[in-house]
Amino acid sequence: MKKLRKSLLAVVLLASVVLQACGSGGGSGDNQGAVAEDGKGSGEKVKIKWATWGNPGELTRFQEFTKDFNKRHPDIEAELIPIPGEYDQKILTQLTGGTAPDVFYAGDGFVVKLIENKSIEEMTPRMTAADSKIKPDDYFEGLWGAAKRDGKIYGVPVDCNPMVLWYNKKVLNDAGITEMPADLQAKGQWTWDAFKGMVEKIRDSKKYGYVLDNSWNSYYSWVTSNGGKVYDDNGKFIGYDDPKSKEAFQFLYDNVKEKNITFAGTLPKGQGGDAMFMSNQVGFVGAGRWYLPLFKKNSSLEYDVVTWPTNTGNKIEPAGIPTAFLVMNSASKHKDAAYTFYSEFLSSDGQKFRLQGGGNAVPSVQGVDDVVLEGNLPEHAQLFLDAREVGYSLTPFEAGIPGLSTDITSKFEALWLKNGELDASLKDIQEMANKKIDDYKNGK
């Protein structure tokens with residue numbers, strides 16, 4: 001009987017050990033979370049999702065990166081979720097429903113909303129950890145924009161797109177222009193006057209001189225190329241009060257009136273500045289490096305880039321830099337695995353992987369500028385890097401106010417389309433902007 005009782009006791013103890021082991025892998029406690037987080041003990045991959053927008057070419061490159069990441073990390077399975085339209089709203093809906101991806105892109109204005117509703121993780125502690133593959137100092141200071149608040153980092157610029165002017169050499173040559181803009185830039189002679197002289201000649205040749213897009217980066221680049229400010233240090237819109245700012249808008253206004261500059265919204269129906277540039281109908285378009293994959297496919301297209309012309313006597317002045325940020329869902333169940341993907345996507349190796357071979361952007365991280373210069377495409381590609389060194393992302397003063405950027409560009413659009421009066425329009429924009437800023441601060 002004693003032997004029987006001992007045998008029964010051994011069976012009970014063994015069963016207890018087995019049940020405890022099963023419970024540690026399948027329960028809902030903290031211990032289970034740790035096991036699932038690093039993938040140890042369960043024998044299963046940690047699955048994470050990440051989301052972004054993008055054109056077909058961009059999404060193909062993102063998919064290639066994701067496959068490469070999964071190959072190098074057999075314990076993690078990352079899945080790309082492309083969101084082609086209504087991106088912000090879809091992400092917000094997913095966040096509310098608890099189905100949002102672990103890591104995702106966020107634009108200037110969107111990242112502010114996500115910071116304020118605490119939907120995204122503060123990344124400073126992870127980035128400053130000794131074993132992190134990315135550090136805050138790895139990134140160019142002018143690119144943080146609205147993703148940094150009170151010294152805390154909530155998103156990292158995935159790459160960047162310094163605004164430059166792309167010019168069509170054939171259109172310029174046909175208009176009788178013999179010295180190209182980048183050559184004038186090298187000599188410190190790329191000024192507003194030089195630009196105006198060229199677009200006048202192109203106009204006289206019955207083509208479009210420069211297509212002005214309805215975007216903050218186009219408008220504000222003209223202001224800062226004149227040494228002006230759109231916002232003061234306290235976050236007030238001063239585009240009407242600042243003399244240099246007002247002079248820049250007057251320059252645009254006068255040249256639109258003279259048909260040296262064409263507002264994009266008035267182009268022939270179905271035509272965009274990029275398409276007309278490629279068909280040799282437009283001399284200048286303002287954009288980042290995102291036009292390169294498109295333009296390089298046209299073997300007969302002769303093009304190059306130049307930084308924004310200046311009106312200050314300086315060779316180069318700051319221009320806008322459209323930027324998106326990578327953020328992490330604060331409700332992610334697999335933050336360690338998500339950060340592994342996050343840091344590798346943003347690292348110098350990750351950006352090189354995504355941008356080499358004539359990519360559509362400029363690195364936001366130090367150490368991989370060669371991807372911009374490879375193949376001398378375009379010839380003065382170095383100017384993208386020069387523009388990045390002095391440029392700026394959309395100020396948090398504007399990005400932080402929901403809908404403000406859209407409201408400002410809508411009023412500029414009305415100015416151009418309705419042949420409005422500049423002084424009254426600019427004053428109206430300033431009053432509207434500052435009211436929205438004050439109302440937001442006061443919780444209205």
Side-chain angles (χ1 to χ4, degrees), residues 50-54 58 61-62 64-66 68-69 72-73 78 80 102-108 111 120-149 151-164 217 288-290 292-293 318-328 338-375 377 381-394 396:
W50 78 281
T52 181
W53 57 77
E58 291 173 314
R61 186 64 61 94
F62 292 151
E64 290 170 352
F65 177 87
T66 305
D68 182 71
F69 174 87
R72 291 183 289 101
H73 294 276
L80 168 62
D102 302 271
V103 174
F104 54 94
Y105 269 39
D108 292 294
V111 76
I120 56 176
E121 193 88 352
E122 185 206 339
M123 305 308 298
T124 320
R126 287 184 179 272
M127 291 182 70
T128 54
D131 59 347
S132 177
K133 290 186 176 181
I134 56 174
K135 303 291 184 183
D137 290 343
D138 294 344
Y139 300 87
F140 292 90
E141 189 60 34
L143 304 180
W144 292 110
K148 183 183 279 189
R149 177 175 291 191
K152 297 178 180 179
I153 296 170
Y154 292 89
V156 178
V158 294
D159 42 48
C160 65
N161 258 302
M163 291 294 289
V164 297
N217 39 70
R289 195 171 178 243
W290 62 76
L292 181 58
I321 305 180
T323 307
F325 306 97
L326 197 65
V327 299
M328 184 189 295
Y339 187 69
T340 298
F341 179 89
Y342 186 97
S343 58
E344 292 195 11
F345 189 89
L346 297 165
S347 70
S348 56
D349 287 342
Q351 294 199 33
K352 183 176 182 179
F353 184 101
R354 293 185 282 114
L355 300 176
Q356 63 188 348
N360 67 329
V362 174
S364 61
V365 69
Q366 300 184 48
V368 285
D369 288 351
D370 287 350
V371 298
V372 177
L373 304 177
E374 58 188 6
L377 198 63
Q382 173 64 43
L383 295 177
F384 282 116
L385 305 176
D386 296 344
R388 181 192 60 191
E389 296 296 323
V390 299
Y392 53 88
S393 296
L394 179 61

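Side-chain atoms are counted along with the backbone in the values below, which use heavy atoms only and exclude waters and symmetry mates.
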Walk me through whether Arg388 and Asp369 qualify under salt bridge (Lys or Arg N to Asp or Glu O under 4.0 Å).
CA-CA 11 Å; Arg388 181 192 60 191; Asp369 288 351; 3.0 Å; yes

Say whether, by atom type as modelled, one donor and one acceptor occur between the side chain of Asn161 and the main chain of Asn360 under 3.5 angstrom.
yes

Side-chain ion pair, Glu64 and Arg61, N-O less than 4.0 Å
yes

Hydrogens and angles aside, do Thr124 and Tyr154 bring a side-chain donor and acceptor to less than 3.5 Å of each other?
no

Please verify the inter-ring angle class for Phe65 with Phe341; under 30° counts as parallel, over 60° as perpendicular, anything in between as tilted.
perpendicular

With no hydrogens and no angle check, do the side chains of Gln366 and Ser348 hold a donor and an acceptor under 3.5 Å apart?
no

Side-chain contact, heavy-atom cut-off 4.5 Å: Val156 with Tyr342?
yes

Using 0.5 Å steps for rounding, measure from the CD1 atom of Ile153 to the CE atom of Met127.
4.5 Å

Any side-chain heavy-atom pair of Trp290 and Pro322 under 4.5 Å
yes

Is there side-chain contact between Val365 and Ser347, with at least one heavy-atom pair below 4.5 Å?
no

Check whether any side-chain heavy atom of Ser364 sits under 4.5 Å from a side-chain heavy atom of Leu143, and report yes or no.
yes

Can you check side chain to side chain contact (heavy atoms under 4.5 Å, CB included) on Ile321 and Met163, steps first, answer last?
CA-CA 6 Å; Ile321 305 180; Met163 291 294 289; over 6 Å; no

Go through Trp50 and Thr66 one step at a time and tell me if the side chain to side chain contact (heavy atoms under 4.5 Å, CB included) criterion holds.
CA-CA 9 Å; Trp50 78 281; Thr66 305; 3.1 Å; yes

Nearest 0.5 Å, please: how far is CG in Asp370 from CG in Leu355?
12.5 Å

Interatomic distance, Asn217 atom CG to Thr323 atom OG1 [nearest 0.5 angstrom]:
9.5 Å

Determine, using ring centers only, whether Trp144 and Phe325 are less than 6.0 Å apart.
no

Pair Glu344 + Arg72: basic N to acidic O under 4.0 Å
yes

Is any side-chain heavy atom of Glu121 closer than 4.5 Å to one of Val327?
no

Would you mind reporting whether Tyr339 and Ser132 have side-chain heavy atoms less than 4.5 Å apart?
yes

Taking atom NZ of Lys135 as the centre, report whether more than 12 heavy atoms of other residues, nucleotides or ligands fall under 6.0 Å from it.
yes

When you look at Val362 and Asp159, which way does the side chain to side chain contact (heavy atoms under 4.5 Å, CB included) test go after all the steps?
CA-CA 6 Å; Val362 174; Asp159 42 48; over 6 Å; no

In Thr52, Ile120, Leu326, the residue satisfying side chain to side chain contact (heavy atoms under 4.5 Å, CB included) with Phe104 is Ile120

Find out whether the Lys NZ or Arg CZ of Arg354 is both under 6.0 angstrom from the six-membered ring centre of Phe345 and within 45° of the ring's axis.
yes

Please report the interatomic distance CG(Leu346) to CD(Gln351), rounded to the nearest 0.5 Å.
6.5 Å

Pairing of Glu141 and Lys148 as salt bridge, 4.0 angstrom limit:
yes

